[in-house]
2 protein chains.
Amino acid sequence: MSPYHHGNLRAELLERAWEVVDRDGLDGLSLRGLSRDIGVSHGASARHFRDRQSLLDALARMGFERLNRALSETAGTASFAERLRAAGHAYVAFAVAHPRILDLMYDAKHHPSASAELVELSHTAMRDLVAMITAAQEAGEARPGDPRQLALIVFANVHGVATLATGDLLDGVPWPEAAALTIDFAWQGIAAVSARATGG
Amino acid sequence: MSPYHHGNLRAELLERAWEVVDRDGLDGLSLRGLSRDIGVSHGASARHFRDRQSLLDALARMGFERLNRALSETAGTASFAERLRAAGHAYVAFAVAHPRILDLMYDAKHHPSASAELVELSHTAMRDLVAMITAAQEAGEARPGDPRQLALIVFANVHGVATLATGDLLDGVPWPEAAALTIDFAWQGIAAVSARATGG
DNA sequence: ACCTGAACACCGTTCAAGT
DNA sequence: ACCTGAACACCGTTCAAGT
């Protein structure tokens, strides 16, 4: 009712934009429509976001923050194979739950004006994976070799199956199954021979 | 010089749109700008494309046609391992050469108004891969099991490494190396045990 | 059949002015 | 510091009219 907004317009814009993109995709998002929904004038967003791309950048950062949090929550004390399975599952689950947001995340990251924070957040998962594989190697559970190469293979598998899942290319296979299949396949390839023998 | 266009405006719109998207991304593409570049009035495109999304759909179809052709050109008489390597290389090469087009291809395919032809073209590569793996199984070169599951794994690997390559997540590793690494890894996993022993 | 050009409803962005 | 509202240059889409 107060003629002026109460100071958290930035957060409200982001939250509303997340919902719109999640539901209708990027096509459904306009700054003017967003302002209309929230009940501010159409120029109000300019105080908080230089331009449309700047809002998308912030939205992408939100996405990576939530994805990274979901991934880090799987880092328990379980075996490497189980942690990998949990992390992979979490990644694909995020992709399936928020396919348009994930698209936006990688689109924004590719954009020439991408913020340093966004680029940084987009590399976190890969870095954590390299660290995890290094630890697995030191524990004798993963085969030796450049951990970045092994991480690359695992990441390619997980991201690839996520894309297949959201792209409707799984051909009827439920995504948790496809994800487990792909991740176990990747793990079998990078596990040490001794560990491989004990695997199911 | 003639006041009217000479009948291949549709093809010209598509060709020009491909160039613009390839260079500047989707943000740089507008129907009015396209018409301006070609030298027709801004409403002319409506005769050939219902709306903007319809042009993007046709553009995506072009992309899958070219990608599928590049993939089918690798289907020589070589061994399955070599054909897989060549096809994977071709896929990643296309992704690296035309990252924005590839994005557009999958975006358009996700769109509610996606044409049946586009959906069909986007499934071709996967179907060919399943057929190839089935043949490899019959030749005793691939391990038994649901060929769709094995194809899924290979496709996830290839598409995943393509995404990593265009997403600048390869961490300095040249993409042909990363692609070869990932594909060989996938092949080792699906190859028959006897074939695996002979592999490098 | 194919293209033109005006018309309409929408954008993103900027900026003086208000509180 | 934060928001308003007019202004501007751009869109996509439609449609009568021209050839």
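The structure displayed is predicted, hence computed values, not measured ones. Below, chains carry the letters A, B, ... as their sequence lines are ordered, and counting in each starts from 1.
- The interatomic distance linking I38(B) (CD1) with dC2(C) (P) rounds to 16 Å, in whole Å.
- For D51(B) and dC8(C), the CG to P distance is 22 Å, given to the nearest whole Å.
- For the OP1/OP2 pair of dA1(C) and a distance below 4.0 Å, the side-chain nitrogens and oxygens of H48(B) include no atom meeting the criterion.
- Atom CG in D27(A) sits about 13 Å away from atom P in dC11(C), given to the nearest Å.
- Annotation for L170(A) and A178(A): closest pair CD2-CB, 3.8 Å, computed over non-hydrogen atoms.
- dG12(D) atom P lies 8 Å from atom CG of L29(B), rounded to whole Å.
- At whole-Å resolution of the value, CG in L55(B) and P in dT13(D) are 10 Å apart.
- A salt bridge does not link R100(B) to D22(B): none of the charged side-chain nitrogens sits closer than 4.0 Å to a carboxylate oxygen.
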*After noting the C-alpha distance and the side-chain angles of K109(B) and H123(B), does the key distance pass the side-chain contact (heavy atoms from CB on, under 4.5 Å) rule?*
CA-CA 10 Å; K109(B) 171 183 168 348; H123(B) 284 73; 4.0 Å; yes

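- Considering every non-hydrogen atom in both F64(B) and S122(B), the closest pair reads CZ-CB, 3.5 Å.
- Here the shortest heavy-atom pairing between A95(A) and T166(A) reads O-CG2, 3.3 Å.
- For R50(B), the CZ atom is loosely surrounded, since the number of other residues' heavy atoms within 6.0 Å does not exceed 12.
- In this model, the phosphate group of dC11(D) is approached by a side-chain N or O of R36(B) to a distance below 4.0 Å at OP1 or OP2.
- Residue V130(A) comes nearest to A151(A) through the heavy atom pair CG2-CB, 3.6 Å, listed as atom of the first residue, atom of the second, then distance.
- With rounding to the nearest 0.5 angstrom, the CG atom of L150(B) is 9.5 Å from the CH2 atom of W187(B).
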Write out a two-atom table: protein N or O, nucleotide N or O from nucleotides 5-7 of chain C, distance below 3.5 Å.
from   : atom 1 : to     : atom 2 : distance (Å)
dA6(C) : N6     : H42(B) : NE2    : 2.9

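- With a cut-off of 3.5 Å on both pairing distances, the Watson-Crick and G-U wobble pairs of DNA chain C assemble into stems of 3 or more at C:4-8 with D:12-16, C:12-16 with D:4-8.
- L31(A) has its CG atom 15 Å from the P atom of dC3(D), to the nearest Å.
- Atom pair Q53(B):CD and dG12(D):C1' shows a separation of 12 Å (rounding to whole Å applied).
- Across all strands shown, R47(A) has heavy atoms under 4.0 Å from base atoms, whether or not it also approaches the sugar-phosphate.
- Taking the six-membered ring for Trp and thresholds of 30 and 60 degrees, H159(A) and Y106(A) have ring planes more than 60 degrees apart, a perpendicular arrangement.
- Note: CG (L9(A)) to C1' (dA1(D)) measures 13 Å, nearest angstrom.
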